[in-house]
Amino acid sequence: MKFGGSSVADRAQIEKVLGIVRAAAADDRVVVVSSAHKGITDGLIDAARRAAEGTFEPRAVIEKQHAIAGSMGCPPDLLDGLFSELRDLLRGIHLVGELSPRSVDYISSFGERMSVRVLADFFTREGLAADAHDVWDVGFITDSVHGSARPLPGFEERVRAAFDALPKDRVAVVTGFIGKDARGEITTVGRNGSDLTATLLAAALEADEAQIWTDTDGVMTADPSVVAGARNIPHMRFEEAAELAYFGSRVLHPSTLLPAMDAKIPVRVLNTNRPAHPGTVIQAVGPANPNRATSIAYKEAQVVLTVQATRMFGEVGFLAKVFGILARHAVSVDVVSTSEVSVSLTAHDASALKTALPELEPLGEVTVQSGRTILAIVGQHLAEGRGTGAQILGAIADAGVNVEMISYASGSLNLQMVIRDEDIATAVATLHAMLFERG
Ligand code: ASP
Ligand code: MG
């Protein structure tokens with residue numbers, strides 16, 4: 001059961017978490033994975049940046065954490081050891097005046113190390129016996145890639161052995177997001193990475209399911225802040241969720257699903273504020289989704305590159321050249337659409353793309369357009385429904401939105417189009433009404 005930063009933001013939220021964990025622990029053995037309290041990770045990184053720039057100011061973040069622990073009734077000295085380690089680290093960063101990826105991971109780790117201690121202490125005093133664990137003490141040893149570390153091969157056995165040795169009648173509250181490498185250096189799996197910690201541990205422990213507790217009713221048909229009528233999606237397949245996660249659908253971190261997919265463990269996304277809501281179950285196979293589409297997602301502020309090469313007509317290797325150049329300049333490409341003499345593609349890193357332009361220009365006429373949005377309609381039945389594509393494009397046209405690029409692979413779960421950023425609200429509302437709100 002993974003609880004995100006907003007689920008453990010303050011006393012009111014942590015009391016909800018206690019209720020949810022208590023109810024689950026009555027029937028099953030549960031493992032809790034927690035994020036830092038909302039805002040603490042940002043506060044830590046901010047303090048570290050300022051320390052590197054010359055301002056040693058550990059107070060704000062320590063006071064914020066101290067206030068949360070105090071409001072939970074924790075002993076006043078519960079976190080003293082971590083606070084002084086944190087002060088020492090910030091002083092060190094201040095002295096050397098620089099912030100390495102290694103120090104960023106080290107400083108970031110305090111958020112989760114502090115929150116699990118607060119939760120376990122509170123749970124125990126409320127009658128639900130619990131222990132806080134730093135994840136490296138339960139077998140989660142990673143490689144040394146700071147900022148995106150992954151557990152070392154074979155970590156599953158170590159995790160299983162560690163949990164076998166823990167008392168079965170006490171709830172383990174484990175740090176998300178962080179790890180340690182084989183030399184004992186602290187690492188992180190990446191921002192918002194507690195979900196990934198949870199699915200990795202679930203896979204290692206062969207859990208019945210991984211629950212991601214957040215602040216929406218599971219995964220929604222569209223971003224509720226854009227579409228008032230956005231609805232919960234009861235069931236999704238892993239592939240559908242993976243397409244959406246890539247769009248940063250605000251619910252799941254893109255790599256979260258992989259461990260669960262590999263281990264065939266369902267992932268359930270649930271709402272801490274409405275625990276009775278069934279949320280969304282994501283699994284390999286499941287009940288068919290009766291809708292033509294499952295969800296709408298988008299990614300704004302993209303750049304579209306077009307290379308038009310009349311001279312290349314009929315020549316072999318044009319696309320290979322274009323992609324070779326882009327790869328050398330580390331341009332990550334998302335949507336691609338080609339014709340005989342041209343290729344259009346989207347990228348999000350405009351400055352990387354800029355460095356590639358001098359090499360692309362000899363290939364043909366190159367144009368770059370910015371301020372574009374990739375709009376994706378995801379659904380396992382998209383390929384089956386005759387006329388769905390025509391209806392989607394027709395509705396968009398009727399709404400006065402110009403589609404500049406389309407990509408849809410054979411049998412795909414994902415119809416993607418490129419529109420202008422300023423058309424997002426209109427396009428999403430129109431498609432949502434057509435696909436989800438009418439008959
Ligand atoms: N606390 C970390 C972050 O803010 C990890 C997480 O929240 O999942 O990025
Ligand atoms: Mg978070």
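Remember, it's 1-based here, ligands and their atoms both numbered in the order they're listed. The model shown is predicted, which means the values in this text are computed figures rather than measured ones.
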### Message
With a cutoff of 4.0 Å, is G193 in contact with ligand 1, counting heavy atoms of the residue only?
### Response
yes
### Task
Specify side chain, backbone, both or neither for S194, according to which of its non-hydrogen atoms lie closer than 4.0 Å to ligand 1.
both
### Query
Are a donor atom and an acceptor atom from the side chains of T197 and S194 found within less than 3.5 Å of each other?
no
### Message
Side chains of T346 and Q302 only: does a donor on one sit below 3.5 Å from an acceptor on the other?
### Response
no
### Query
Thinking salt bridges, do D105 and R102 make one under a 4.0 Å N-O criterion?
no
### Task
Look at the rings of Y106 and F110 and say which category their plane angle falls in: under 30° parallel, 30 to 60° tilted, over 60° perpendicular.
parallel
### Message
Run the side-chain contact (heavy atoms from CB on, under 4.5 Å) test on V104 and H146 for me, step by step, so that the C-alpha distance in whole Å, both residues' side-chain angles and the decisive distance to 0.1 Å come before the verdict.
### Response
CA-CA 8 Å; V104 173; H146 289 286; over 6 Å; no
Quick check on contacts: which atoms of ligand 1 are under 4.0 angstrom from a heavy atom of [X]?
| X | value |
| --- | --- |
| S35 | 6 (C), 7 (O), 8 (O) |
| R191 | 3 (C), 4 (O), 9 (O) |
| E112 | 1 (N), 2 (C), 5 (C) |

### Query
Can you check whether D195 has an N/O within less than 3.5 Å of an N/O in ligand 1?
no
